[in-house]
J.: 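Below is a structure I'd like to ask you about.
In what follows, chains carry the letters A, B, and so on, assigned in the order in which the sequence lines appear, proteins first and then strands, with residues in each chain numbered from 1.
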2 protein chains.
Amino acid sequence: MFVATDKNGTPSIDSVSLAIIEQLQEDGRRPYAAIGKAVGLSEAAVRQRVQKLLDQGVMQIVAVTDPLTVGFRRQAMVGINVEGDLDPVADALTAMDEVEYVVMTAGSFDLLIEIVCEDDDHLLQMINKRIRTLPGVRSTESFVYLKLRKQTYTWGTR
Amino acid sequence: MFVATDKNGTPSIDSVSLAIIEQLQEDGRRPYAAIGKAVGLSEAAVRQRVQKLLDQGVMQIVAVTDPLTVGFRRQAMVGINVEGDLDPVADALTAMDEVEYVVMTAGSFDLLIEIVCEDDDHLLQMINKRIRTLPGVRSTESFVYLKLRKQTYTWGTR
DNA sequence: ACCCATAACTGCGGAATCCGTTAGATCGGA
DNA sequence: TCCGATCTAACGGATTCCGCAGTTATGGGT
């Protein structure tokens, strides 16, 4: 299927789809008809656009929680320095279930990743046996989470 | 209203609510009846539990996106070192709209925050004028996002 | 400017879901 | 024992979902 993209190959989102996303950032279960009324589209049109945004991977509608609040698991941010091409390392990390978040950055780390583990042993295993042994990984630095204070998803709604 | 809590004051979640959350992590719009069938509860009971989880703030159902993919804004992770009590600094950061994520960590940063800005100017303003000037902030280090590679919310589903 | 193909939108009707509400059963704590 | 919380089962009406047919808009290509 054809997907409109800009010059960087990223899907292009118009202001209407943006408005739909904002509605769903406030409430992921908001009815299509209510969204349509808010953005000036028919219910069916909203439904089609939401489906396409989901199919394209631009947006996902999910329940989010704070794992620590829910009462289990050990979480950490890990800064990683790599020699050579970043992509293979990022690919390998992305494939790991325990890794929730992978971002390439400009700064004193090449990659920042967030990992969620069962306990301290699991965390140690991940960092020591699976991440630090990846070819190209030069060094890592870990930041174990003590308390999550804020977590929002409402950018664009301000 | 009374809310059951464990000895740390965090809401207690039993395995059934956990299973409901997992269902909604896969699809935030999944019908209550389908969830009930999956977790062994009636539709009405699922509805009540979901409502309570939302009311308690244990879970939220939202659309999530990658702001960079959507085509705008400048994002960064900022590591912060503080002298003295962390709480007032964390509180001040939490109150800022541009700050999406605030976590207290053990490691070479006391706080890690994620910020979303309009552009480079806005980012510079935030870091230089609003964050580094907070009383107690000793130093900051910024990691500007180049590319988000992975972002999942399905912990507990493995 | 014209035509065509495709995408996008509207309107509609039937099926499914949502949601408030009953009544009764069960369990644990004060 | 009594009270509150939670669950099931079963409604019924309002709402929502969803596929489809038909129409309009859009963007090349000539």
J.: Using a 3.5 Å distance criterion without hydrogens, assess whether the side chain of A:Arg29 forms a donor-acceptor pair with backbone atoms of B:Arg30.
T.: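 Yes: the side chain of A:Arg29 pairs with the backbone of B:Arg30.
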
J.: Tell me the interatomic distance from A:Leu24, atom CG, to D:dC17, atom P, rounded to whole angstroms.
T.: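 Checked: the CG to P distance equals 10 Å.
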
J.: Between D:dC7, C:dT10, C:dC19, which nucleotide has the shortest distance from any of its atoms to the side chain of A:Ser42?
T.: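 Closest nucleotide to the A:Ser42 side chain: C:dT10.
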
J.: May I have the distance from B:Lys37 (atom NZ) to D:dA9 (atom P), rounded to whole angstrom?
T.: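 Distance check: B:Lys37 NZ to D:dA9 P gives 13 Å.
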
J.: Report the residues that fulfil salt bridge (charged side-chain N to carboxylate O under 4.0 Å, His left out) with A:Arg149, sequence neighbours left out, ordered by chain and then residue number.
T.: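 So A:Arg149 forms a salt bridge (charged side-chain N to carboxylate O under 4.0 Å, His left out) with B:Asp87, B:Asp91.
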
J.: Nearest to the side chain of B:Arg47 - D:dT8, C:dG20, C:dC9?
T.: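 Closest of the options to the side chain of B:Arg47: C:dG20.
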
J.: What distance do B:Cys117 atom SG and B:Met126 atom CE have between them, rounded to the nearest 0.5 Å?
T.: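 Spacing of SG (B:Cys117) from CE (B:Met126) equals 5.5 Å.
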
J.: Going through the checks in order, is the side chain to side chain contact (heavy atoms under 4.5 Å, CB included) test met by A:Met77 and B:Phe109?
T.: CA-CA 11 Å; A:Met77 186 78 71; B:Phe109 294 125; over 6 Å; no

J.: Measure the distance from CZ on A:Arg49 to C1' on D:dC18 and round it to the nearest whole Å.
T.: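 Result: 19 Å.
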
J.: Write down the distance between CD (A:Gln51) and C1' (D:dC18), rounded to a whole number of angstrom.
T.: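 Between C1' of D:dC18 and CD of A:Gln51: 11 Å.
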
J.: Take the protein atom CG of A:Leu41 and the nucleotide atom C1' of C:dA7, then report the distance between them rounded to whole Å.
T.: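 Computing the A:Leu41:CG to C:dA7:C1' distance gives 13 Å.
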
J.: Verify the contact: side-chain N or O of A:Arg29 to OP1 or OP2 of D:dT16, cut-off strictly under 4.0 Å; return yes or no.
T.: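 Answer is no, no contact under 4.0 Å.
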
J.: From the set C:dC9, C:dC18, D:dC7, return the single nucleotide nearest to any side-chain atom of B:Tyr32.
T.: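 Among the listed nucleotides, the one closest to the side chain of B:Tyr32 is C:dC18.
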
J.: Rounding to an integer number of Å, can you tell me how far A:Ile35 CD1 sits from D:dT16 P?
T.: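 Going from CD1 in A:Ile35 over to P in D:dT16 covers 11 Å.
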
J.: Which comes earlier along DNA chain C counting from the 5' end, the contact point of B:Ala44 or that of A:Ala44, where each point is its nearest nucleotide?
T.: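 The answer here is A:Ala44.
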
J.: Of the nucleotides C:dC12, D:dT6, C:dA8, which one has an atom closest to the side chain of B:Lys52?
T.: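 Nearest to the side chain of B:Lys52 among the choices is D:dT6.
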
J.: Is the backbone N or O of B:Val102 less than 3.5 Å from a side-chain atom of A:Lys150, with the two atoms forming a donor-acceptor pair by type?
T.: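 Not a single qualifying donor-acceptor pair exists.
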
J.: Give the rounded distance in Å between these two atoms: CD of A:Gln48 and P of C:dC12.
T.: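 Answer to the nearest Å: 16 Å.
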
J.: Of the listed nucleotides (D:dC18, C:dC19, C:dT10), which one gets closest to any side-chain atom of B:Glu43?
T.: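 Of the candidates, C:dC19 comes closest.
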
J.: How many whole angstroms separate atom CZ of B:Arg30 from atom C1' of D:dC18?
T.: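 To the nearest whole Å, that distance equals 18 Å.
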
